[in-house]
Amino acid sequence: MGASWTPPRAPRGTADILPEQVHAWHRVERTAAELAERYGYRELRTPAFEALELFARGMGEGTEVVEKEMFLLAPSGRARVEAGPGEAPDAGPRAQAPAGGHGAGGAEPLALRPEFTAGVVRAYRQHGLDKTRGLLKVYSIGPLFRYERPQKGRQRQFHQVNLEALGTGDPRAELELIAFAQDLLGALGIPDFAVRLNSIGCAQCRPGYRERVRALLQPRRERLCANCRARLDRNAFRVLDCKLCAEHTADLPPMAEQLCAACAEHFAAVRAGLELLDVPYRIDARLVRGFDYYTRTVFEFPSGRLGAQDALGGGGRYDRLIPDMGGPELGACGLAFGIERLLLAMDPAATGSAAAEAAERARRAAAVYVAATPEPGPRAAALELVTELRRAGLEAEFDLAGKSLKAQLRAADKAGFGWVVIVGPEELARGEVALRQMAAGHQQRLPRAELLARLAPAVPLAARPAR
RNA sequence: GUGGCUGUAGCUCAACCGGUUAGAGCGCCAGACUGUGGCUCUGGAGGUCGGGGGUUCGAGUCCCCUCAGCCACCCCA
C-alpha cells in the first residue's frame, strides 16, 4: 500500500453534496415536499433509469435531449464486454450502449432519466391509475441526468422537484401549479417572482402555424443560423427559440394569436386565473420549450440571480402525452424546479456554510460530549456512557481518535457541545462522573446514576424511554 | 461539440525582468510544571507548483500538447 495511485475525481458535471451543504438541500426538499402535500400532491418515486424508448416517445425523437444528451446504460457488465474491445469509444455516453439486441439476452436499451415526466406517465399507465383514479397528483424529488457541457446552473447529474397533475384538462390545474411555484419561491426567500407565459396551441392549430412560419422564413433562409435552417424543415416552430436569429424572426406573428378556438379559450382562462390570483406574469411569444409533448400552456420562472441558465423552473400542459402512451384521451400538466438553481437563487445567508454552522451549533447546544482519560477503564466507561445517553434520546459523542483529554475538550468546544461528561480513574472508582456545562464553565461531580436525570431537561419528552 | 478565462499546501492567496532548500493566513496536530475547552505563545505535519513534452546553464515563472475547473454558445431545471 501507499502507492501513488490517486483516485479519479467525481465525474464531470457531478458534485458531492458535503454535510455542511446538505443543510440547505434539506431545507429546499422539505419545503417543497410539505408545500406539495398541502396542495394535494403525493410523492411518487420512479426508477432512475427506464427503457430508452420511453424517453424517445415522451419528449420526442428530434429533441435535443433525446438526440444527444442521453446517458445510455449497458444492462450488464457482460454485455459491455461482448460489445467487444474493438468498438471505438466514440466519445460520449453512447460508447457504453449495447449494440442493439446484443448481449444481456437481448434486453432493451436503458437510459438514465433526463426528466421525470415520462417515467411518471409510464407509472400512471402501468398501474392502471388512469382507470382506478382518473386524476392523479404526484410529486417527485431526485436526480436526473443529461450529458451536457457543465456551466453555471447546469450539471450532468442535477436534481429537480417535479409536480404532475395527470388526467385533467382543466386550466385551473396549471393555475394550481403556478400558485405552488409562487409559494415555493416565497417560502425559500427567492425574490421577484415572475412568470413567463405562452400558449403553443395543440395538434389542431400548431401545424398550421408551423407552416406559416416556414413560409415566412423560407425567403430569408440563408440569413438564419445553420441550426435554424435545419429546424425549418424539421420543426420550424423552434426557430422562435433561437437567440441568434432573433432579429430575423422578430416580425413573426405570435403563436398565441393564431390559436384555434378551444386553445384560445383555454389560454384566456389561464390568464384570467392568473389575474384572479394576482400572479404577475408576462406573455413571452418566444417561449416554446424543448420537449415535443407540450401543448397549450407553457411557462417558466426566471430569476436574475442565475446567469445564462436563467430559469429556476418551468413546465406546462401536455395533453397528448397520455394518449400517445396508449392511454385514454386525458390531459395533464406539470412543472419542475431545478434544486441547484433554487439554491443558487436563494440568499447565501440561508444556504452558506455560516448558516449550516449556526444550525449545527444550535443542535449541538443540547448535545453531550463524553470525554475520558487515556486509561482503558475510563475509555470503556465512555463507550458505555455515550451509548446509554444516545439510547435515552440525547445526541452524544465521544472520541475515537485517541485524543488527549485536553484535545477532547477542545474538540467538544469547537463543535459546540453544550455539555461535557468527564470520566477518569477517580470518578470511575467512586461511581461518579464530572459534568461540565461548557458555556458557563461550571463543573460538578455527581453519581453516575443521576447523570440522566440531570440532563433530562435537554431530552425531548418523546425520546425518553417508556417505563 | 465550439469559444474565452483559470489551474501553487485541506481552504484563500504570495513568489520582482526565469535564478539558490516555494512562502503567509486560516485550518489540522502537539506542547506551555504532567486530568480539563474558548484567549495568547511556541513547535510540527502537509506541496510530483494539474499532467506530459520542449526552450534554457537554470522554469512555478517562456512555448506546445493534454487534463480539469469555471463562464458562455447550444439546450434546458
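In what follows, chains carry the letters A, B, and so on, assigned in the order in which the sequence lines appear, proteins first and then strands, with residues in each chain numbered from 1. Model, not experiment: these values are computed from the prediction.
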Between C1' on A77(B) and CZ on R113(A), what's the gap in Å once rounded to a whole number? 14 Å

Give the B/S/- string for nucleotides 35-43 of chain B, one per nucleotide from 5' to 3', where a protein heavy atom under 4.0 Å of the base yields B, of only the sugar-phosphate yields S, and otherwise -. BBBB-----

Could you check whether R9(A) gets within reach of a base, just the sugar-phosphate, or nothing at all, counting any heavy atom under 4.0 Å? sugar-phosphate

For the P atoms, the ones on G35(B) and on G44(B), what distance do you get once it is rounded to whole angstrom? 25 Å

Run the salt-bridge test on E360(A) and R364(A) with the 4.0 Å N-O cut-off and return the result as yes or no. yes

In dot-bracket notation, what is the pairing pattern of RNA chain B, taking Watson-Crick (N1-N3 plus N6-O4 or O6-N4) and G-U wobble (N1-O2 and O6-N3) contacts under 3.5 Å, with [ ] crossing and | for other strands? (((((((..((((.....[...)))).(((((.......))))).....(((((..]....))))))))))))....

For R363(A), check salt bridge (charged side-chain N to carboxylate O under 4.0 Å, His left out) against everything at least two apart and list the hits. E395(A)

State which residue, out of E176(A), E43(A), E164(A), fulfils the salt bridge (charged side-chain N to carboxylate O under 4.0 Å, His left out) condition with K137(A). E176(A)

Parallel, tilted or perpendicular: ring planes of Y294(A) versus F291(A), cut at 30 and 60 degrees: parallel

Roughly how many Å is it from CD in Q408(A) to P in C29(B), rounded to a whole number? 12 Å

Closer than 4.0 angstrom, basic N to acidic O: yes or no for K68(A) and E64(A)? yes

If we take the C1' atom in both G18(B) and G1(B), what is their distance in whole Å? 38 Å

Does atom OH of Y281(A) have more than 12 heavy-atom neighbours from other groups under 6.0 Å away? yes

Is any side-chain nitrogen or oxygen of Q151(A) closer than 4.0 Å to OP1 or OP2 of A72(B)? yes

Among A77(B), A30(B), C73(B), which nucleotide has an atom closest to any side-chain atom of A407(A)? A30(B)

Which residues satisfy the salt bridge (charged side-chain N to carboxylate O under 4.0 Å, His left out) test with E397(A), sequence neighbours excluded? R390(A)

How close or far is atom P of A77(B) from atom CG of L287(A), stated in whole angstroms? 10 Å

Can you tell me how far P of G10(B) sits from CG of L18(A), to the nearest Å? 15 Å

When all nucleic acid strands are considered with a 4.0 Å heavy-atom cut-off, which category describes G307(A): base, sugar-phosphate, or nothing? sugar-phosphate

With sequence neighbours left out, which residue pairs that include part of residues 148-162 of chain A fulfil the salt bridge (Lys or Arg N to Asp or Glu O under 4.0 Å) condition? E148(A)-R154(A)

Just jot down the ring-ring contact (aromatic ring centres under 6.0 Å, His included) partners of Y39(A), sequence neighbours excluded, or say none. F180(A)

What interatomic distance, in whole Å, is found between C1' of C65(B) and the corresponding atom of U55(B)? 15 Å

According to the salt bridge (Lys or Arg N to Asp or Glu O under 4.0 Å) rule, which pairs have a member within residues 404-415 of chain A, sequence neighbours left out? none

Distances under 3.5 Å between protein N/O atoms and the N/O atoms of nucleotides 2-9 of chain B, please, pair by pair.
residue: U2(B); atom: O4; partner: R149(A); partner atom: NH1; Å: 2.2

According to the salt bridge (Lys or Arg N to Asp or Glu O under 4.0 Å) rule, which pairs have a member within residues 296-309 of chain A, sequence neighbours left out? R196(A)-E300(A), R289(A)-E300(A)

Suppose we screen for ring-ring contact (aromatic ring centres under 6.0 Å, His included). Which residues come up paired with Y124(A), at least two apart in sequence or across chains? none

Between A68(B) and C29(B), how far apart are the two P atoms, rounded to whole Å? 35 Å

Within the structure shown, what part of the strands sits under 4.0 Å from E64(A) by heavy-atom distance: base, sugar-phosphate, or nothing? sugar-phosphate

Checking only heavy atoms, does the side chain of E148(A) share a donor-acceptor pair with the base of A77(B) at less than 3.5 Å? yes

Whichever of P150(A) and F337(A) has the more 5' nearest nucleotide on RNA chain B, that residue is P150(A)

For RNA chain B, which residues of residues 36-49 of chain A approach it to below 4.0 angstrom with any heavy atom? none

Side-chain donor/acceptor pairs under 3.5 Å, residues 365-377 of chain A, sequence neighbours excluded:
residue: T373(A); atom: OG1; partner: E375(A); partner atom: OE1; Å: 2.4

Listed nucleotide nearest any side-chain atom of K403(A), set C29(B), A72(B), A77(B): C29(B)

